[in-house]
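Bear in mind the structure is a predicted one, so any value in this text is a computation, not a measurement. Count residues from 1 along the sequence.
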Amino acid sequence: DEGPDLPDIRQAHWYLKSKTYGQIRVCQADMANSGIAEINLSKANLADGMSSSQAGSGIFRNSIVNVGITNFENNRRNTVRYDTPTFAGFKFAAAWGEDDIWDVALRYAGEFGRMKVALGVAYSENTDSSNVFGQVNDATIEVVNGTLSVMDTGSGLFATVSAGQRSRDSYEDDESFWFLNSGIEKKFVPLGKTTLFGMVGEFQDDDNDSAYYYGGGVVQQIDAAAMSLFASYRHYDLEEGGGPTEGEFDVFTTGARIKF
């Protein structure tokens, strides 16, 4: 168990992997639906994705309205997870974690002429004892989420859409999100490919608190240095369902990544 004076461990698991039989992972690892709402055939997620770039989310969660954007993924849990080998582009995963949460996910990646397609859909159910609210004991949380991403390799045009819903008996209303990301990825300069994109999305929680946001960004690959430079902009419109609180603000994020 973790405490205030102990490190927060992200990944700590062992695994067995076979090209014929697939892979099994045990201990602190991502569950089956992890990453299912972040599939993107472009590099746009590096600058701004559904959850990969939430700069500013703490501002409105703690200071404006009590809503935190999430894509309902089960990341880094004490789990047992199995992934099948890839069959005709399809891959299935299932996981169970303490105490008790389980999920299943189906992913696909393939090409049809110039078109690349990647998609994923997942279902999860959580009856962990930490789900207790009021008189509801071990309330079941159900989640459905997924993504579809397509790219025309000839023109570099791409589009990605993700969405999800989370429900629980103790919720007044279901929670939901949707996210759309689209743009072009092409080698305009000798340095490497450039990704230009726009995005829009919305999140609504069980109290009808909502966050609507839109923006755009750029990612520039520098192939010779295995580096990516990125910048993104987001505008947020926030509304509190149970009261008059409203707010809006802008976030600009920039950085660089070197892979080695």
Side-chain angles (χ1 to χ4, degrees), residues 1-41 45-46 49-54 68-110 117-133 136-149 160 162-170 175 177 179 257-260:
D1 292 334
E2 298 179 357
D5 298 323
L6 297 177
D8 187 5
I9 299 174
R10 292 177 64 86
Q11 299 279 348
H13 62 270
W14 59 267
Y15 68 90
L16 297 174
K17 187 174 183 179
S18 164
K19 291 183 179 180
T20 304
Y21 301 108
Q23 177 176 278
I24 185 169
R25 282 174 264 190
V26 180
C27 288
Q28 180 80 355
D30 291 329
M31 296 192 66
N33 84 345
S34 182
I36 205 75
E38 300 174 351
I39 298 169
N40 196 319
L41 289 171
N45 272 4
L46 181 59
M50 174 56 215
S51 68
S52 62
S53 177
Q54 294 302 339
I69 297 175
T70 177
N71 55 18
F72 310 145
E73 292 182 0
N74 301 322
N75 300 319
R76 297 180 295 279
R77 298 191 180 243
N78 193 20
T79 185
V80 177
R81 171 175 170 173
Y82 171 70
D83 293 71
T84 68
T86 301
F87 298 105
F90 288 94
K91 190 172 186 177
F92 176 78
W96 174 85
E98 64 174 359
D99 170 41
D100 291 301
I101 179 171
W102 63 269
D103 59 7
V104 291
L106 181 66
R107 293 170 170 85
Y108 172 80
V117 178
L119 60 88
V121 62
Y123 171 82
S124 69
E125 187 173 295
N126 186 347
T127 58
D128 194 290
S129 58
S130 63
N131 295 339
V132 177
F133 284 87
V136 181
N137 188 22
D138 288 357
T140 299
I141 298 176
E142 295 178 284
V143 170
V144 177
N145 53 352
T147 304
L148 170 64
S149 184
T160 298
S162 62
Q165 180 174 292
R166 180 165 59 187
S167 62
R168 174 166 42 191
D169 292 340
S170 58
E175 296 184 314
F177 77 87
F179 177 76
R257 183 185 73 174
I258 299 176
K259 296 188 72 173
F260 56 89

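No donor-acceptor pair closer than 3.5 Å links the side chain of Glu38 to the backbone N or O of Asn45. When atom types are taken as modelled, the side chain of Asn78 and the backbone of Glu98 share no donor-acceptor pair closer than 3.5 angstrom. Side-chain atoms of Thr147 come within 3.5 Å of backbone N or O of Ile36 as a donor-acceptor pair. Checking side-chain atoms of Asn126 against main-chain N and O of Ile101 turns up no donor-acceptor pair under 3.5 Å. Side chain of Asn145 to main chain of Asn33: no donor-acceptor pair is present (N/O by atom type, distance under 3.5 Å, no hydrogens or angles). For the pair Glu73 (side chain) and Gly35 (backbone), a donor-acceptor distance under 3.5 Å is present. Here the side chain of Thr79 pairs no donor or acceptor atom with the backbone of Met31 at under 3.5 angstrom. With Ser149 contributing its side chain and Leu41 its backbone, the two residues share a donor-acceptor pair below 3.5 Å.
When all heavy atoms are compared, the tightest approach of Ala32 to Ala105 is O-CB, 3.4 Å. The shortest heavy-atom contact between Tyr108 and Ala88 is CE1-O, 3.4 Å. Here the closest heavy-atom approach between residue Gly22 and residue Pro85 is recorded as N-CG, 3.5 Å.
A distance of 11.5 Å separates CZ of Arg168 from CD of Glu142, quoted to the nearest 0.5 Å. The line from OG1 of Thr70 to CD of Glu175 is 8.5 Å long, rounded to the nearest 0.5 Å. Interatomic distance, NZ of Lys19 versus OG1 of Thr86, reported as 12.0 Å (0.5 Å rounding). Rounded to the nearest 0.5 angstrom, Ile39 CD1 and Leu148 CG are separated by 9.0 Å. To the nearest 0.5 Å, atoms CD (Gln11) and CG (Asp30) are separated by 4.5 Å. The line from CG of Leu16 to CD1 of Ile24 is 7.0 Å long, rounded to the nearest 0.5 Å.
In this view, Tyr82 satisfies the ring-ring contact (aromatic ring centres under 6.0 Å, His included) rule with no residue, not counting sequence neighbours.
A salt bridge (Lys or Arg N to Asp or Glu O under 4.0 Å) check over residues 83-96, counting only residues at least two apart or in different chains, returns the pairs Arg25-Asp83, Arg81-Asp83. The ring pair (Phe, Tyr, Trp, His ring centres under 6.0 Å) pairs that include a residue from residues 7-36 number zero, where partners must be two or more places apart or lie in different chains.
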